There are 2 protein chains.
Amino acid sequence: MKQPVIIPTKAPTESEPDSPNGKSAGPGAGAAAGASKGRNRPLAVAETIKDWIIAQSLEPGDRLPQEHQLIERLEVSKGTAREALKVMETQGLIRTRTGPGGGAFITEVSADHASALLANHFFFKDVSIAHIYELRIALEPQLVQELAPRVTNDQIAELRGVMSAYTRPPTSIEEERLQRVAELEFHAVLSRYSRNPVLGFFCGFLVRLLKDLAVCKRIYDEPNPELRERGVSYQEQLIEAFETRDAESARAIMEVHMRAAQRMMLQREAEIAKGFLDTDS
Amino acid sequence: MKQPVIIPTKAPTESEPDSPNGKSAGPGAGAAAGASKGRNRPLAVAETIKDWIIAQSLEPGDRLPQEHQLIERLEVSKGTAREALKVMETQGLIRTRTGPGGGAFITEVSADHASALLANHFFFKDVSIAHIYELRIALEPQLVQELAPRVTNDQIAELRGVMSAYTRPPTSIEEERLQRVAELEFHAVLSRYSRNPVLGFFCGFLVRLLKDLAVCKRIYDEPNPELRERGVSYQEQLIEAFETRDAESARAIMEVHMRAAQRMMLQREAEIAKGFLDTDS
DNA sequence: TAAGATTTGTTCGTATGTATC
DNA sequence: GGATACATACGAACAAATCTT
């Protein structure tokens with residue numbers, strides 16, 4: 001029983017009234033409503049198509065009308081229709097295929113795609129390691145607490161599989177870096193198991209943000225055997241708690257783990273910052 | 001000191017993973033160089049333009065080259081260039097203006113825009129009131145705890161202004177609904193004050209999600225004087241805690257408030273569901 | 001107020017690449 | 001390999017918006 005909870009709606013267009021001229025109406029205003037004739041911008045066309053999707057309760061996998069049919073029914077040119085489809089493709093709502101039987105198909109917006117779009121929002125902001133860990137400490141214990149009572153044996157096996165990538169000490173710097181990434185993958189997998197889609201997405205996004213940030217700041221460039229060992233130890237404890245379906249202890253383990261990781265990451269960040277000051281310009 | 005923390009990244013396309021050039025790629029390098037003819041998709045063009053932005057450290061407000069210049073330098077047709085710009089506009093990275101001195105300008109991706117894009121990801125998922133409140137309980141107390149010691153008098157005044165919209169009992173059903181929305185606005189404003197951009201965004205997004213969901217489920221359609229009074233009372237207490245810069249009590253107040261609101265929303269949700277079962281087919 | 005310049009926005013006709021049969 | 005159906009790409013001409021004079 002699919003329930004579309006959110007009305008997609010809403011183009012970003014007219015956000016800021018920073019231009020003080022009281023220009024009114026124009027094609028920009030209420031374009032989406034009466035898209036039958038005349039002023040049709042691609043965004044309005046995209047909204048109209050979305051309305052169709054909602055009205056007809058189309059689901060992922062369903063196909064949209066063909067390009068030339070869209071052009072007919074929307075009374076727009078090919079270029080405009082293409083731009084509208086491009087908008088929807090960028091939003092992750094459709095995918096197009098060429099060839100017979102091809103066309104635009106509705107797709108679920110994957111977490112990956114949504115993360116990439118969301119990451120743009122933080123591009124010009126100053127996100128720090130501290131910010132991310134503040135949230136991981138608040139959310140990941142909650143995540144494993146809810147997971148523990150209902151985690152399946154298959155899931156536990158998958159987690160063990162991820163862990164197997166870094167149970168052995170690394171033999172090279174490159175392997176060290178890969179192990180760090182795999183360690184983060186453990187948490188990414190955890191977040192995918194969440195029954196709360198929002199919680200799962202938030203946790204997964206934080207991991208992604210951390211990965212970008214860590215790589216960007218080269219925090220993973222140098223070995224840190226202590227962090228690795230403690231990380232593995234905590235994750236093994238967590239698996240044990242999962243096996244006994246012990247929610248409370250899973251939560252406690254994750255909380256301790258997160259706080260320890262936070263301390264170490266911040267310390268490392270500070271060291272690197274100092275290093276830059278010493279050696280750099 | 002702006003620090004771009006994230007590599008912007010990532011088209012969803014599955015076809016051609018172009019050259020894995022790092023962030024230090026020059027303007028010339030990239031997709032356009034190799035494929036002057038034939039193989040140039042708008043997405044690749046958009047990525048190339050993003051690479052330019054990074055390489056030249058362009059910031060919000062800066063202007064991109066004009067359309068015809070892009071066409072020249074990228075060796076693509078007008079339609080393709082336009083589609084590429086449309087992609088970036090959809091992602092919220094640029095805004096275009098017509099007329100002399102017009103063109104494509106780099107913009108920060110607003111929280112509103114990012115929220116709208118992210119909401120698409122949850123469109124086909126079953127997000128419930130319970131899911132949202134689980135996260136609000138985890139995050140909003142954290143938010144006000146960090147806010148309390150450093151909240152400004154202006155901010156307190158703004159919060160009072162928002163509250164003034166619903167301190168009086170509503171005189172009509174319509175006013176009742178507007179008051180509920182204003183009450184949510186209180187939390188949206190709070191989230192904007194956060195020094196942690198990720199925490200702020202998460203809290204704001206939850207409010208948005210809740211608003212859509214509540215409207216969708218008609219939870220706000222019927223009066224609920226108890227919820228209103230308790231909400232106002234809690235918010236007044238919170239303002240008091242802000243005035244004394246008491247972080248701990250701000251956190252405690254918000255936690256109690258969130259749990260109370262959760263109980264009431266879930267109860268209301270259940271009632272409505274029952275009502276549907278009774279009256280509906 | 002009005003005309004002109006500049007730049008994006010839209011449309012159309014046509015050609016080409018690509019996947020299926 | 002050929003035919004078909006479909007998206008993808010190109011370029012010229014026109015329309016609309018906005019700034020300047």
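As the structure is a prediction and not an experimental result, all values here were calculated from the model.
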Could you check how far CG of A:Leu43 sits from C1' of C:dT8, rounded to whole Å?
14 Å

In whole angstrom, what separates B:Arg63's CZ from D:dC19's P?
13 Å

Quick note, A:Ser77 side chain, CB onward, closest among C:dT11, D:dC19, C:dT7 is C:dT11

What distance separates A:Leu64 CG from A:Leu85 CG, expressed to the nearest 0.5 Å?
7.0 Å

Answer yes or no on whether A:Arg180 is positioned over the face of A:Tyr166, meaning its NZ or CZ is under 6.0 Å from the six-membered ring centre and within 45° of the axis.
no

Are any of the side-chain nitrogens in B:Glu185 or B:Arg192 under 4.0 Å away from the carboxylate oxygens of its partner?
yes

Would you mind telling me which of C:dT10, D:dT8, C:dA5 lies closest to the side-chain atoms of A:Glu67?
D:dT8

With the side chain defined as heavy atoms from C-beta on, A:Thr80 is closest, among C:dG17, C:dT11, D:dA17, to C:dT11

D:dA9, C:dT8, C:dT6: which one has an atom nearest the side-chain heavy atoms of B:Pro100?
C:dT6

Under a 4.0 Å N-O cut-off, is there an ion pair linking B:Glu89 with B:Lys86?
yes

Are any of A:Thr98's side-chain N or O atoms less than 4.0 Å away from OP1 or OP2 of C:dG17?
no

Once you apply a heavy-atom cut-off of 4.0 Å, does B:Gly103 come out as touching a base, just sugar-phosphate, or nothing?
sugar-phosphate

Base C:dT14 to side chain A:Lys78, donor-acceptor N/O within 3.5 Å cut-off:
yes

Report which part of the nucleic acid B:Arg82 touches: base, sugar-phosphate, or nothing (heavy-atom distance under 4.0 Å, all strands).
base

